[in-house]
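Structure record follows, encoded as structure tokens.
These figures come from a predicted structure and were not determined experimentally.
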Amino acid sequence: MKFFIAEQNLGADATKEQAEQLIKLLKEKGWDVEYGIGRNVATDVSEFGQEEKIQDKFADDFMSCLSKMEE
């Protein structure tokens, strides 16, 4: 799946640099993430019907990476 992240996803006072840092961390975990606002979409036939499961795993990694940034 392709995911999009911008400052709005991090909080009211987040910067573009923080969003880009989070994207870098998520890419290191193997996620297909880009800067911007868009709809998260399945990009491979094998992902169809699995979107919710993939999004749940992404959310876990998103929160984990966000916690790392706050350390």
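Atoms CD and SG, from Q21 and C65 in turn, are 10.0 Å apart once rounded to the nearest 0.5 Å. If you take CG on D32 and NZ on K27, they are separated by 7.5 Å, rounding to the nearest 0.5 Å. Of the inter-residue distances, the one linking D61 atom CG with K29 atom NZ reads 4.5 Å to the nearest 0.5 angstrom. Interatomic distance, CD of E20 versus CD of E34, reported as 11.0 Å (0.5 Å rounding). In this structure, Q50 CD and E52 CD are separated by 10.5 Å, a value rounded to the nearest 0.5 Å.
Of the possible polar contacts, none joining the D60 side chain to the K57 backbone as a donor-acceptor pair under 3.5 Å is found. Looking only at distances, a side-chain donor or acceptor of E47 sits under 3.5 Å from a matching main-chain atom of D44. With hydrogens and angles disregarded, a donor-acceptor distance shorter than 3.5 Å links the side chain of N40 to the backbone of F4.
In the displayed structure, D13 atom CG is contacted under 6.0 Å by at most 12 heavy atoms of other residues, nucleotides or ligands.
Grouping Ile, Leu, Val, Met, Phe, Trp and Tyr by side-chain contacts under 4.5 Å, direct or through others, puts F3 with M1, I5, L10, L22, I23, L25, L26, W31, V33, Y35, I54, F58, F62, M63, L66, M69.
Evaluation of the side chain to side chain contact (heavy atoms under 4.5 Å, CB included) rule for T15 yields E17, Q18 as partners, not counting sequence neighbours.
Of all heavy-atom pairs between A19 and A6, the closest is CB-C, 4.0 Å.
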